Each structure stands twice: as structure tokens, then as C-alpha cells.
Amino acid sequence: MGCDQEVNEKPSTTTRSTVARARTTAARYAQQLEATTLGRMWSRLLEIEFVDRSIALAAKAFVSFLPLLVIVSALSPESVRDQILAVFSTRFGVSGDAYATVTHAFTSPEQTKTAAGIVGTLTTVAFAVSFTTALQRVFLRAWRRPPGGGARNQARGAAWLGAVLVLLMVVAAGVVLTGPIGSVLYWALGLLACTGLWWWTARLMVRGEVRWRALLPTAIVMGIGGWLYTVAAAVWMPVDVAGQYAQFGAFGITQSFVTWFTGMAFLLILAVVLGPALADGHHPLAQWMRSGNPTAVEAREAPALPGPDRPVRLSDAFGRGDRGSGVPMIDPVTDDTGDT
């Protein structure tokens, strides 16, 4: 009896020892991974609850920019409206009956002006500015910046919104460029404009508190990645739009655009967290991004907030309110005293 008990205890002890060694080895490799750029990037993604933030950004972008674009087109000359429709057709693959539905929204300027009015237009602009608030929250949390800014953040959001509308008009104007030279010029100007816009956007969203160099990777990823993502939409969007429209009618078109915005939001958040993940390293690129300083934060600004008060988990990616990533939520609309 005693021999049998001893035999049974040995496998149990051996199993526990093997599991303990496996856990120790896994913890060591996990610690080594966290010290790499990829590991820091993944931790930051979990820290800012990237799935929850991506969906929220996509939803806000959809309810903000499409109505705003319709109003802007209604106030623009007919040639500009035609170019906007051409962009929808070529970039988003909207054609056939779905294109006719979209055309009706953009080619009825008088009805749009009457329906919108001053109150409707201001409400649409307010929704668009609310998107910039959500966008700024992503940048501030990624860089662990303290709250502050007050009403100045709303002004920053309005300025960014105006710049985006100008860029959209430039992209629409690019449709008229024909021939090989025109196509190359269109691509080059579009790529440079997108990269420059996102570099300025990153600086604006962090309230000028992070060095320009540290924000360049975000601009490059969004400039090149965003441009390629838009081009790729011409491949998969036609199939998606046609299928959704056939099944759900006009509502299907909105589902396709929400899908597009969600993909762009994921790309944006990846680009945002890439900056701090690179800048926190010890490689030459990190030194260059920090301009030889200990951190990427401007010398006159407050230091970054501390990291999570507990190890981040995969479930943090989806956001869980007060039980989230262990990092205090940052509301960029309020200042340090909590006043709006």
C-alpha cells in the first residue's frame, strides 16, 4: 500500500516540476519579448484597448464624414461634386444601382441645403469635431500624456477637420489628371499630402508635447499604408458593396462603408502605437527619434504618465470600463482641474 502511494506521488511531483519549469521558461521569453519593439507595441495596443477604440473611431468617422461630405458637396460647384462622385466610384467600387443611390445624395444640392439648414450643418460639424476628440484620446493614451488643453482641443479638432476637407478636395481634383505623367503626379502628390497631413495630425493631437521626429513613423505608416489601403478598396469594395446592396438595399452600402472605416481605424491605431514603441527602445532609431534626449517628450512638457498598474491582458483589447487596462482614462476635453 505504501509503495503504491509512493509510486503515485512521483508522477505528480514530476508533473508539477515540469509545469513550473515551463512557466518559468515562458515568463523569461515573455519578458524578453516585452523588451523588443514588437512586444512594446503589443503592450501599448492592449493598454489603449485597441479593438474597442478601433470600433469607436470607425463608428464616429462614419456618422461624421459622410454627412459632412454631402453638405460640402452641396455647397461646392457642380464640377467638384462630379469629381467627388468619381472618387467614390473608383476608390470604393460603388457602381450600378448602388452608385445611383449614392449619386442621388450628392446631386441634389438644393434639397440638401434646404434639409440641412444652419442647425443641421452645425450639428454635422459638431459630430465631426467629436471624432477628433476620440482621435486625440487615442494619441494621448498611446503616448501616456496627462490630461489638459480645455477648449483649445476643440479648436485643434476644427483645424484638423478643415485640413482633411481640403485634402479631400485635392484628391477629388486629382481625378482630372490624365495620362502617364498626370497619374504619376497624382500618386506622388497624394502620397506626400497624406504623409504630411498625418505628421501634422500627430503633432496636433498630442498638443505639441511630443517631438516631431518621434511622430514621423506614425505619419509614414499612415501616409503609405492609408494610401495603399484606399487603393486596395478598389479591389474588394466592389464585391462587398454589390453583395450588401443586393441583400440589404441602401442600408447595405452603409455596412460596406462601416467595414472600410473599421479597417482604416485599425491601421491608424497600429500607426499611433508604433511611435512610442520605437521611441522607448535603445536602438539608434530610438535615439534619433528622441533627438538624443532621455524621452520623446518635449523638454518643457510634463513627463509621461506611468504605465499600467498591472500586467495587461488580451481581454484589455476590448475595453472593460473601470476594470480596463489599468491605465486611467484620459479625457482631452477637460483641463487639469476638470473644467471644460
Side-chain angles (χ1 to χ4, degrees), residues 30 33-62 65 131-145 160 164 167 190-191 193-206 210-233 235-237 257-281 283 285-286 289 296 304 307-308 312-319 324-325 327 329-330 332:
L33 178 61
E34 289 177 358
T36 66
T37 300
L38 182 62
R40 289 192 299 270
M41 189 174 177
W42 176 245
S43 295
R44 294 281 178 139
L45 284 172
L46 296 178
E47 182 180 321
I48 68 173
E49 302 164 353
F50 73 98
V51 174
D52 184 65
R53 290 297 91 206
S54 297
I55 295 174
L57 279 177
K60 284 180 175 288
F62 175 76
F65 285 107
F131 168 79
T132 66
T133 301
L135 179 63
Q136 186 178 40
R137 184 177 290 112
V138 170
F139 274 93
L140 292 177
R141 291 194 67 185
W143 285 98
R144 296 174 180 167
R145 301 305 305 144
W160 182 82
V164 169
L167 179 61
L191 185 59
C194 285
T195 303
L197 175 66
W198 281 109
W199 199 8
W200 173 71
T201 296
R203 178 75 173 185
L204 191 70
M205 293 296 111
V206 297
V210 178
R211 302 179 190 278
W212 279 100
R213 290 184 181 183
L215 301 170
L216 185 57
T218 298
I220 293 175
V221 171
M222 280 307 300
I224 299 177
W227 196 250
L228 292 177
Y229 179 79
T230 303
V231 172
V235 177
W236 61 270
M237 278 289 284
F257 279 110
V258 168
T259 300
W260 187 91
F261 278 118
T262 302
M264 182 62 80
F266 270 106
L267 176 63
L268 172 59
I269 289 183
L270 286 173
V272 172
V273 300
L274 177 63
L278 288 173
D280 288 347
H283 43 80
L285 177 60
M289 292 172 63
V312 289
R313 299 186 288 264
L314 182 60
S315 59
D316 293 328
F318 300 91
S325 61
V327 178
M329 291 294 292
I330 297 174

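Every heavy atom of this structure was used, including side-chain atoms; hydrogens, water molecules and symmetry mates were not. Keep in mind it's a predicted model, so treat the numbers as computed, not measured.
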Quick check: closest heavy atoms across [X] and [Y], and the distance to 0.1 Å?
| X | Y | value |
| --- | --- | --- |
| Met289 | Pro217 | CE-CG, 3.7 Å |
| Pro276 | Ala142 | CG-O, 3.5 Å |
| Ala279 | Ala286 | O-CB, 3.9 Å |
| Ala296 | Ala214 | CB-CB, 3.6 Å |
| Gln136 | Leu204 | NE2-O, 4.2 Å |
| His283 | Thr37 | NE2-OG1, 3.8 Å |

How long is the span from the [atom1] atom in [X] to the [atom2] atom in [Y], to the nearest 0.5 Å?
| X | Y | atom1 | atom2 | result |
| --- | --- | --- | --- | --- |
| Phe139 | Thr132 | CZ | OG1 | 12.0 Å |
| Arg137 | Ile48 | CZ | CD1 | 12.0 Å |
| Trp200 | Met205 | CH2 | CE | 7.0 Å |

query: Salt-bridged, Arg144 to Asp280, with N to O below 4.0 Å?
result: no
Non-hydrogen side-chain atoms of [X] and [Y] separated by less than 4.5 Å:
| X | Y | value |
| --- | --- | --- |
| Thr201 | Trp198 | yes |
| Leu270 | Val221 | no |
| Val138 | Val273 | no |
| Trp143 | Leu215 | yes |
| Val164 | Phe131 | no |
| Trp160 | Leu135 | yes |

query: Mind checking whether Tyr229 and Trp260 have ring centres under 6.0 Å apart?
result: yes
field: Modelled atom types, side-chain donor and acceptor of Ser43 and Arg40, under 3.5 Å
entry: no
message: Taking Ile55's backbone N and O only, do any of them form a donor-acceptor pair with Thr262's side chain (distance below 3.5 Å, no angle check)?
response: no
field: Side-chain (Arg141) to main-chain (Glu47) donor-acceptor, under 3.5 angstrom
entry: yes
message: Run Leu274 and Met41 through side chain to side chain contact (heavy atoms under 4.5 Å, CB included) and show every step you take.
response: CA-CA 6 Å; Leu274 177 63; Met41 189 174 177; 4.1 Å; yes
task: Determine, step by step, whether Phe50 and Trp42 satisfy the side chain to side chain contact (heavy atoms under 4.5 Å, CB included) criterion, reporting the C-alpha distance in whole Å, the side-chain angles of both residues, the deciding distance to 0.1 Å, and the verdict.
output: CA-CA 10 Å; Phe50 73 98; Trp42 176 245; 4.1 Å; yes
- prompt: Ile269 and Leu57: side chain to side chain contact (heavy atoms under 4.5 Å, CB included), yes or no, with the steps?
  reply: CA-CA 10 Å; Ile269 289 183; Leu57 279 177; 4.3 Å; yes
- request: Start with the C-alpha gap between Thr259 and Met237, add the side-chain angles, then the distance that decides, and say whether side chain to side chain contact (heavy atoms under 4.5 Å, CB included) holds.
  value: CA-CA 9 Å; Thr259 300; Met237 278 289 284; 5.9 Å; no
